[in-house]
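Report on one structure; see the data block that follows.
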2 protein chains.
Amino acid sequence: MTTTRLTLAAPCCALGAPPVSSAEAESIAPMFKALGDPARLRLVSLIAAQPEACVCDLVAAFPLSGPTISHHLKVLRQAGLVDCERRGTWVYYWVRPEALAQLSALLGRPTSAAASR
Amino acid sequence: MTTTRLTLAAPCCALGAPPVSSAEAESIAPMFKALGDPARLRLVSLIAAQPEACVCDLVAAFPLSGPTISHHLKVLRQAGLVDCERRGTWVYYWVRPEALAQLSALLGRPTSAAASR
DNA sequence: ACTCTGTTTCGACATCTGTCAAGATAAGCA
DNA sequence: TGCTTATCTTGACAGATGTCGAAACAGAGT
């Protein structure tokens with residue numbers, strides 16, 4: 001059945017040479033899922049465009065209600081993609097570079113990916 | 001109230017300097033969403049680990065039924081992450097490097113991102 | 001015809017999305 | 001101190017969407 005499993009030594013290609021383990025997938029998939037909503041993707045993008053972002057700015061940038069934005073931010077927080085801190089009246093959010101690095105590393109370096117097809 | 005938008009010339013940073021537009025988010029989010037399931041993440045990983053992967057091998061690698069695997073593959077196909085072709089009895093899947101490149105480009109290279117925190 | 005492979009259809013069940021209302025925390029002012 | 005306002009989060013809810021398996025269907029080879 002199993003077509004001869006390739007033993008490519010090439011360490012270059014998309015998604016990394018060693019297939020993602022079941023445990024890895026369980027821990028990383030929630031991050032992708034969190035980015036799988038247009039509103040959340042834009043939220044992360046807006047937060048990443050600045051060192052920190054105030055929630056009031058984020059709410060103003062979307063046609064969504066405050067609670068909804070807060071919900072999305074909670075999802076992003078629980079996924080480990082962003083973190084926040086309350087300073088006085090306002091709450092500030094910032095991205096966690098190490099989380100994005102993990103995802104980027106998993107996707108590989110596409111610029112160097114062999115144009116296999 | 002937007003804190004002064006950074007005018008960093010560095011093209012390096014997380015999620016790209018210009019925030020993702022609404023239209024971009026709508027078109028890219030489905031890809032992340034497709035990767036947001038552990039089974040699909042592993043599927044893409046397994047497919048990417050070889051030039052091509054036969055469905056029979058993929059089904060054998062999961063504790064899920066054939067129809068379920070087929071369903072997940074359809075989601076990945078519709079998201080544009082993989083493509084397939086029937087050759088005789090078997091169906092072969094391969095990843096679309098340009099799609100992964102798009103996602104990776106969006107995530108940027110956070111390792112070189114300013115250690116803002 | 002028969003078998004094998006893979007997809008599609010259909011249904012049950014669970015999870016997610018977005019809104020309203022209420023709660024928690026902090027600042028401003030008398 | 002006490003009252004008021006502003007900011008943000010949480011809880012509860014209806015509607016939409018996703019997950020998965022059983023059965024039925026379609027292609028390719030024997």
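Lettering follows sequence order; numbering is per chain, from 1. Keep in mind the model is a prediction, meaning the values are calculated, not measured.
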Inset, instruction - Return no unless some side-chain N or O of A:S65 is found under 4.0 Å from OP1 or OP2 of C:dT19. - result: yes
Inset, instruction - From the options D:dC8, C:dT19, C:dG6, select the nucleotide whose nearest atom is closest to the side chain of B:V91. - result: C:dG6
Legend entry - Side-chain heavy atoms of A:Y93 within contact of A:V55, under 4.5 Å: yes
Legend entry - Interatomic distance where CG belongs to B:L58 and C1' belongs to C:dT5 [whole Å]: 13 Å
Inset, instruction - Remember a base hit wins even if backbone is also touched, and classify A:T89 as base, sugar-phosphate or nothing at under 4.0 Å, heavy atoms. - result: sugar-phosphate
Inset, instruction - Using whole Å, report how far CD of B:E85 lies from C1' of D:dA28. - result: 15 Å
Inset, instruction - Would you mind classifying the nucleic acid contact of B:H71 as base, sugar-phosphate or nothing, using non-hydrogen atoms under 4.0 angstrom? - result: base
Inset, instruction - Report the distance from atom CG of B:L73 to atom C1' of C:dG6, rounded to the nearest whole Å. - result: 10 Å
Legend entry - C:dT19 OP1/OP2 closer than 4.0 Å to side-chain N/O of A:T68: yes
Inset, instruction - Can you figure out which of D:dT7, D:dT10, D:dT19 approaches the side chain of A:R86 most closely? - result: D:dT7
Inset, instruction - Figure out the CH2/P separation between A:W90 and D:dT9, and round it to whole Å. - result: 14 Å
Inset, instruction - May I ask you to say what A:Y93 touches in the nucleic acid, namely base, sugar-phosphate or nothing, with a heavy-atom cut-off under 4.0 Å? - result: sugar-phosphate
Legend entry - Among A:L76, A:V82, A:L73, A:L81, side-chain contact (heavy atoms from CB on, under 4.5 Å) partner for A:R40: A:L76
Inset, instruction - Between A:P63 and B:R77, just flag the one whose closest nucleotide in DNA chain C comes earlier from the 5' side. - result: B:R77
Legend entry - Common cluster, A:V91/A:L58, ILVMFWY with side-chain heavy-atom separation under 4.5 Å: yes
Legend entry - Euclidean distance, atom CD of residue B:E52 to atom P of C:dG6 [Å, nearest integer]: 14 Å
Legend entry - B:R40 side-chain N/O to D:dG18 phosphate OP1/OP2 under 4.0 Å: no
Inset, instruction - For B:H72 and for A:G66, find the nucleotide of DNA chain D with the closest heavy atom, then tell me which residue's nucleotide is more 5'. - result: A:G66
Legend entry - Separation of D:dC8 P from A:L76 CG (nearest whole Å): 16 Å
Legend entry - For atom NZ of B:K33 and atom P of D:dA16, their distance in whole Å: 15 Å
Legend entry - Spacing of B:R87 atom CZ relative to C:dT5 atom P, expressed in whole Å: 17 Å
Legend entry - Under 3.5 Å donor-acceptor, A:E24 side chain and A:S21 backbone: yes
Legend entry - Check ion pair A:E26-B:R42 (N to O, under 4.0 angstrom): no
Inset, instruction - Could you work out which one of C:dG6, D:dC20, D:dT9 sits closest to the side chain of B:D37? - result: D:dC20
